[in-house]
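Residue numbers count from 1 along this sequence. All heavy atoms count here, side chains included; hydrogens, waters and symmetry mates do not.
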Amino acid sequence: MFVLFEEAGKYLGGRVLSEAEASAQVELETGKRVKVKGANIVLRFEKPSPADLIAEARSLAAALDLDLAWEFAPEGEFAFAELAAEYFSEKPSLAQQAAALFALFEAPHYFRRAGKGRFKKAPAEIVQQALAAIEKKKVIQAQIAEWAAQLAEGICPAPVREQLYKILFRPDKNAPEYKAVVDAARATQRPPLDLLERAGAIDSPYQFHWRRFLFENFPKGTGFPALAAPAIVDDLPVAAEVQAFSIDDSQTTEIDDALSVQGLGTGTVTVGIHIAAPALALTPGSAIDNVARARMSTVYMPGYKITMLPDEVVNTYTLLEGGDRPAVSLYARFDEATLELQGTETKLERVPIVANLRHDQLDTVVTQPWLEDASFQSDNTPEAAAKLRAPLSFLFHLAKQLKAQREVVRGKPENFNRPDYNFRLVGNEGEPTGSEQVQISTRQRGAPLDLIVSEAMILANSSWGGWLGELGVPGLYRSQASLAPGIKVRMGTRALPHAGLGVKSYAWSTSPLRRYTDLVNQWQIIAAARHGKTAALAAPFKPKDADLFSILSGFDAAYATYNAYQGGMERFWTLKYLQQQGITELEATVIKDLPNGALVRAETLPLVFPVAGQQERGARLRVKLGEIDEIALDVSGTVLERLDTPKADAALADESDEGDEEEVVAGPIAIAVDLSDSEAAAPENTPA
């Protein structure tokens, strides 16, 4: 005897080997033996074979008119054999009964299951809704097929183009646009990104990187709501004896910091470090604060930036020359002869800003000889710089001393053996398009004006950080436990040593117009200046404040993302520079071993890239460049010749890189398109 039975949502047939009261031992056509509950058996028969019966029943079920079957079906619960009698004939054949069973079982929108082999008609309105949904699904499937065919032919449908970044990076995997890309990638056996690029979905490599960044970080755009900068209502005293000046590059609009020098020739010199004071007017939780907190920092990239605060707000508090500007000032007193720090004082005041110096215009004038020798003359010295020669000279002398003191603490000198690179997009105004001519210039790290500013800011950040710690006022700190390999800079709310800088504590406080951490710390510093020993009670953020920890983690994530994007865009424009200048060979130094190759750094450009073949670390090479991929930001090289002689100890070559930020190197773009998402089987080894 044969039986037809249900098993795990499927109907199977087999020969009965033995049968008990509530179950049967059944042998399938494959030879496999299974135990079947008696309640799951729906048909018993002697012939034909189960395979023949199921095949014939499937054929009949495919031709069964479900609308007609629904009309004929009895009201209330019924068995499949009852429907077969109504639909086929009064005495339906075994195959007709099985056909009715299969049709009923596979049409849940017409018939509800009410038990093994038993069903109930769905209400008419439910049937109509289900049929409409099925029809809609057919239309969508047809649309997916049409879009997939167009993509395979190298044409990008408009809906796919509009959803490009969502499809690639945050897809709705049920969306037809996403499914069309998956199906087309399978059909053509092309990686999705390559498929879309060939279909013209990507306007340009630059726009791809830019719009991807906006999609992931500024989905609502980079514009600001209409916000008015509140006025500073404090009756601040004017620092009448101060003549402060800032030192920035020409593109800087957020002038956060300025310097002043008083008392030259008196034996005690007071250096003023004056920081723009938006925290005197803005309050935590205000509309402007919410904007700043959402962005966390200004985003920098060659030729453009996305500011943390609206221009109107920045212009209200920036330290623009020609007036008395509200500032939080740190005054540090030094013995003029020994440069020993005698004490510090913090004041809330208005500071006269007499000049906004631009170091890109002064680096060739304000040199070490010009600062150290009063008789040394430079051609075309701007009047503003000439008037400030004595303060600048003292600040340079002091900066060298402060740096030397920090190096004693850190245990080794800071190495500035590589230059900083400046990018200029010729004729660019506003958002770049990616086709601009790019100029890349260098400025050696530790140049006099850079050194003056950096040491003054380190002094302010470490002094204020230590002061907040002494008062028990929490802040946002950067710390590094040691210079041992693998010990990185971390952020926290406690005053801890920063081994890399050689200071006891370090709280970013000198850029409140462009970094949210600095704005937060400025609120805390203002509380300390106003309330002294009771500042912990009055400061906006209290010890162990959950909101402070939230800000810290949010800033850490945003700052890392922004820095990565800036590095990526600098790499993009460096690759563009190679193309524009027709550069096909570079001199480079090996900095790291790779499997079957090495990582090298170009000697005259900000570019790190791999070369084939094992090379000695520290070796200087002439390298021929391969094809540039502007989407992956990738280029590799082939070694033409070695330019130096092998070193006895190549490991020494890495020492100069100690403490550097991680290199920005090209890698595969991680997209979220999964070719196993669709119902069809994906081809093996299909790259993303």
Asks: Could you check whether Glu431 and Trp210, counting side-chain N and O atoms only, form a donor-acceptor pair closer than 3.5 Å?
Replies: yes

Asks: Using 30° and 60° as the class boundaries, would you call the ring planes of His498 and Tyr506 parallel, tilted or perpendicular?
Replies: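 Because their plane-to-plane angle is over 60°, the rings of His498 and Tyr506 count as perpendicular.
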
Asks: Please confirm whether the ring centroid of Trp573 lies under 6.0 Å from the ring centroid of Tyr206.
Replies: yes

Asks: Examine the side chains of Ser435 and Lys576 and answer whether a donor and an acceptor come within less than 3.5 Å of each other.
Replies: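 Result is no, nothing qualifies.
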
Asks: So, taking the atom named OG in Ser441 and the one named CD in Gln439, what distance separates them when rounded to the nearest 0.5 Å?
Replies: 8.0 Å

Asks: Between Phe555 and Tyr516, does the ring centroid distance fall short of 6.0 Å?
Replies: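 Between Phe555 and Tyr516, the centre distance exceeds or equals 6.0 Å.
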
Asks: So Val181 and Leu196, do their side chains get closer than 4.5 Å, heavy atoms only?
Replies: yes

Asks: If only side-chain N and O atoms count, and only distance matters, is there a donor-acceptor pair under 3.5 Å linking Asn356 with Ser246?
Replies: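 Yes - a donor-acceptor pair under 3.5 Å links their side chains.
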
Asks: Are Glu455 and Arg406 close enough that some pair of their side-chain heavy atoms sits under 4.5 Å apart?
Replies: yes

Asks: Assess whether a salt bridge exists between Glu603 and Arg620, defined as any Lys/Arg side-chain N lying under 4.0 Å from an Asp/Glu carboxylate O.
Replies: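 Salt bridge between Glu603 and Arg620, a charged N being under 4.0 Å from a carboxylate O: yes.
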
Asks: Going by atom types alone, do Ser250 and Asp360 pair a side-chain donor with an acceptor below 3.5 Å?
Replies: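 Judged by distance alone, the side chains do pair up.
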
Asks: So, Thr298 versus Glu254: side-chain donor-acceptor pair below 3.5 Å or not?
Replies: yes

Asks: Is it the case that Arg170 places NZ or CZ above or below the six-membered ring of Phe215, under 6.0 angstrom from the centre and within 45 degrees of the axis?
Replies: yes

